[in-house]
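Structure first, commentary second.
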Amino acid sequence: MAEGYIHSVRFVPSKCKGCVTCVKACPTDAIRVRNGKAELIAARCIDCGECMRRCAYHAVEAYSDKLEEIKKYQYNIVLPPPSLYAQFPADISEETIRGGLSNLGFDEIFDVAVASEYISLEIADYIKNYNGGRKPLISCTCPAVLRLIQVKFPELIKQVVPVLPPVEAAAIYVKKEAMERLGLEESQVGVWFLAPCPSKDANIRQSVDVVHTQLSGSIAISEIYGRLMRSIGSVKESKKITAASSYGMGWGCYGGELAAVGVEKGLAVHGIENVYDVLEQISMNKMPDVDYVECSACSGGCIGGPLTAENKFVAEKNLKLRLARMREHEPADRVEAMKQSMVCEGFPKSGAYVKKLVPRPMMQLDDDILEAMKKFEQMEEVLNSLPGLDCGACGAPNCQCLAEDIVQGKATEIDCIFKLRASVKKLAHGMLELARQIPIDNNDFNDNGEENNADKGSN
């Protein structure tokens with residue numbers, strides 16, 4: 001089953017020191033250290049990038065496309081997210097940043113934030129008409145959070161709002177529009193997302209939320225940042241640009257989605273550990289008085305993604321100053337402000353494109369149900385024999401995972417250092433007892449306890 005999952009997150013064995021920091025940080029127990037190196041359990045990984053943040057040795061990397069890939073297409077459209085603009089001080093205008101993207105070779109620029117405004121109104125409408133189901137409703141915009149729900153909280157799938165994430169909606173619109181306007185074939189149009197995190201890249205290669213992605217690939221913000229800094233300049237007349245309002249731009253930071261949707265009884269949660277805890281509370285129905293929960297796997301929102309270039313607090317400062325400046329020139333009313341940039345004729349509605357979210361089983365001891373039950377019983381027995389300290393020294397995140405690995409034949413009980421120490425102690429006692437039972441003639445040894453050699457060689 002593991003081979004069926006495609007991931008952006010990858011380990012570099014030559015850099016790994018086997019320190020188990022990533023093992024303890026993973027929210028889905030998807031990492032083990034075996035033979036001194038970290039290994040990924042593909043069926044459990046959600047590409048949240050938490051292992052990338054925690055690894056002090058840079059032994060975790062995320063795959064993304066290179067800028068040179070755009071040469072494969074006749075016409076290239078770039079989708080910059082709000083988190084890209086947050087990488088630059090507010091006194092560097094959006095026009096200047098877009099000019100830099102034009103100079104890098106992109107033929108058209110479409111802000112993901114514009115799509116965020118369309119999606120915001122869809123979410124608001126869904127919340128307004130939601131009736132009879134459990135609350136709160138949960139944001140669908142972070143692929144890592146959706147995967148976390150699939151793996152750990154499948155009972156919450158019904159509470160996820162069934163709309164497209166903005167980047168996918170943007171890709172669907174711009175590709176169709178460019179093909180019709182320019183008379184190009186689908187294979188001639190490249191649509192590129194500038195990604196702040198690995199979950200976006202993984203979602204392009206194996207989508208969790210859209211039936212068929214129109215994205216050609218993703219380029220990490222950290223990958224393109226240096227070139228963009230060197231190329232920023234004025235926007236060229238020939239480039240087609242679609243820009244957003246401050247409300248769409250605000251999606252880049254935690255709380256921005258709530259503001260754009262206009263939710264009064266909402267909650268913004270960011271950071272994978274916090275998201276996990278809140279989803280657990282929702283699962284126990286402890287938040288029925290909340291209408292909507294905005295969830296982001298990255299601390300601070302997308303501006304805190306591991307593939308960004310700037311410190312997340314600096315990026316938050318940059319983005320908030322930029323939003324304040326933009327709002328000086330916008331209507332005070334939220335919807336009116338967004339409508340100024342919502343000029344895309346025929347922008348897609350989510351219903352025809354969104355993919356149904358389904359559970360993704362994490363722990364499957366065996367394909368045969370009877371054999372799985374036997375293994376589960378064995379796992380319980382092994383778990384009861386382990387110390388229950390969850391120290392991680394065995395290379396698994398906790399004793400339960402080690403017990404599962406042992407039953408699956410991927411580990412042994414003496415991988416537990418406490419079990420190993422007990423085994424060594426028992427062996428030492430056995431050797432000592434055996435030594436005591438062996439008869440020894442003191443004449444065979446000299447005063448120093450060494451064997452006498454007088455008779456050796458005289459046969």
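Proximity of P165 to I119: side-chain heavy atoms (C-beta onward) are nowhere separated by under 4.5 Å. Contact annotation: the side chain of I303 never approaches that of T308 to less than 4.5 Å [non-hydrogen atoms, C-beta and beyond]. Put simply, the side chain of L67 does not reach to within 4.5 Å of the side chain of E223, judged on heavy atoms. Residues D29 and K152 meet the side-chain proximity criterion, which asks for heavy atoms closer than 4.5 Å. V23 is listed as a side-chain neighbour of P397, based on a closest heavy-atom distance under 4.5 Å. For the pair Y73/S216, a side-chain contact is recorded, criterion being any heavy-atom separation below 4.5 Å from C-beta on. Looking at E316 and Y254, their side chains come closer than 4.5 Å, going by heavy atoms from C-beta outward. Side-chain contact between F11 and K37 is absent, with no heavy atoms from C-beta onward closer than 4.5 Å.
Applying the ring-ring contact (aromatic ring centres under 6.0 Å, His included) test to F106 and every residue at least two apart in sequence or in another chain returns nothing.
The backbone N or O of G99 sits less than 3.5 Å from a side-chain atom of N103, completing a donor-acceptor pair. With hydrogens and angles disregarded, no donor-acceptor distance shorter than 3.5 Å links the side chain of K375 to the backbone of V407. Within the 3.5 Å criterion, the main-chain N or O of N76 finds a donor-acceptor partner in the side chain of D107. Between the E294 side chain and the L258 main chain, a donor and an acceptor come within less than 3.5 Å of each other. Using modelled atom types, one side-chain atom of S222 and one backbone atom of L307 make a donor-acceptor pair closer than 3.5 Å. A distance-only check finds a donor-acceptor pair linking the side chain of Y118 to the backbone of C344 [under 3.5 Å].
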(message) Does R134 form a salt bridge (charged side-chain N to carboxylate O under 4.0 Å, His left out) with E155? I'd like the steps, not just the answer.
(response) CA-CA 11 Å; R134 279 183 57 171; E155 69 277 8; over 6 Å; no
(message) Is there a side chain to side chain contact (heavy atoms under 4.5 Å, CB included) between W251 and S120? Walk through the geometry before answering.
(response) CA-CA 10 Å; W251 272 57; S120 295; 3.1 Å; yes
(request) Determine, step by step, whether C399 and D390 satisfy the side chain to side chain contact (heavy atoms under 4.5 Å, CB included) criterion, reporting the C-alpha distance in whole Å, the side-chain angles of both residues, the deciding distance to 0.1 Å, and the verdict. (result) CA-CA 5 Å; C399 291; D390 297 341; 3.6 Å; yes
(request) Apply the test ring-ring contact (aromatic ring centres under 6.0 Å, His included) to residues F110 and Y173: give CA-CA distance (whole Å), side-chain angles for both, the deciding distance (0.1 Å), then the verdict. (result) CA-CA 10 Å; F110 187 98; Y173 170 76; 5.7 Å; yes
(message) One pair to check against side chain to side chain contact (heavy atoms under 4.5 Å, CB included): R181 and K240. What are the steps and the verdict?
(response) CA-CA 12 Å; R181 173 167 45 89; K240 186 176 185 297; 3.3 Å; yes
(message) Between E404 and R44, does the salt bridge (charged side-chain N to carboxylate O under 4.0 Å, His left out) criterion hold? Intermediate values first, please.
(response) CA-CA 14 Å; E404 181 189 341; R44 296 184 174 189; 2.7 Å; yes
(request) Begin with the C-alpha distance, continue with both residues' side-chain angles, and end with the deciding distance and a verdict on side chain to side chain donor-acceptor pair (under 3.5 Å) for S245 and E117. (result) CA-CA 8 Å; S245 76; E117 293 164 352; 2.4 Å; yes
(message) With side chain to side chain contact (heavy atoms under 4.5 Å, CB included) as the criterion, how do L279 and I138 come out once you've worked through the C-alpha distance, each side chain's angles and the decisive distance to 0.1 Å?
(response) CA-CA 9 Å; L279 291 177; I138 303 169; 4.1 Å; yes
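Pairing each heavy atom of A42 with each of R360, the nearest pair is O-NH2, 3.8 Å. In this structure, D111 and P80 approach most closely via the heavy-atom pair OD1-CG, 3.4 Å. Closest approach of D47 to V9, counting heavy atoms only: OD1-N, 3.1 Å. Nearest heavy atoms, G248 versus P82: O-CG, 3.8 Å. Closest non-hydrogen pair, S83 versus C302, comes out as CB-O, 3.8 Å. Here the shortest heavy-atom pairing between P27 and I272 reads CG-CG1, 3.7 Å.
Under a 4.0 Å N-O distance rule, the pair D65/R205 qualifies as a salt bridge. A salt bridge links E273 with R54; the closest basic N to acidic carboxylate O contact falls under 4.0 Å. Salt-bridge annotation for K410 and E39: absent, with no side-chain N of the basic residue lying under 4.0 Å from a carboxylate O of the acidic one. A salt bridge does not link D415 with R32: every distance from a Lys NZ or Arg NE/NH1/NH2 to an Asp or Glu carboxylate oxygen is 4.0 Å or more. Salt-bridge check for E69 with K66: failed, with every basic side-chain N at 4.0 Å or more from each acidic carboxylate O.
Annotation: salt bridge (charged side-chain N to carboxylate O under 4.0 Å, His left out) contacts involving residues 324-353, sequence neighbours excluded, comprise E94-R325.
Of the listed residues (V114, I109, L79, I77), just one forms a side-chain contact (heavy atoms from CB on, under 4.5 Å) with T242, and that residue is V114. Under the side-chain contact (heavy atoms from CB on, under 4.5 Å) test applied with E168, the options V211, V210, V112, V354 reduce to a single match, V210. When each of Q159, E264, E257 is paired with Y292, the side chain to side chain donor-acceptor pair (under 3.5 Å) condition holds for E257 and for no other.
Within 6.0 Å of atom NE2 in H329, more than 12 heavy atoms from other residues, nucleotides or ligands are found, so the atom counts as buried in its surroundings. The number of heavy atoms from other shown groups lying within 6.0 Å of CG (N129) is above 12. Counting non-hydrogen atoms of other residues, nucleotides and ligands closer than 6.0 Å to NZ of K176 gives a total of 12 or fewer. Residue E68 qualifies as enclosed at atom CD: its count of foreign heavy atoms under 6.0 Å is above 12. No more than 12 heavy-atom neighbours from other residues, nucleotides or ligands sit within 6.0 angstrom of CZ on F313.
Side-chain contact check for S207 and K355: no donor-acceptor pair (N or O, by modelled atom type) lies under 3.5 Å.
The CG atom of L101 sits 12.5 Å away from atom CZ of R227, with the distance rounded to the nearest 0.5 Å. The CD atom of Q188 sits 11.0 Å away from the NZ atom of K175 when rounded to the nearest 0.5 Å. Considering OH of Y85 and CD1 of I92, their distance stands at 13.0 Å, rounded to 0.5 Å. Separation of atoms CD (Q87) and CG (N311) is listed at 10.0 Å; rounding is to 0.5 Å. The SG atom of C26 sits 7.0 Å away from atom CD1 of I46, with the distance rounded to the nearest 0.5 Å. Atom-to-atom distance recorded for S299:OG and N274:CG is 7.5 Å, nearest 0.5 angstrom.
Between F88 and Y225, the ring planes lie tilted relative to each other; the angle falls in the 30° to 60° range.
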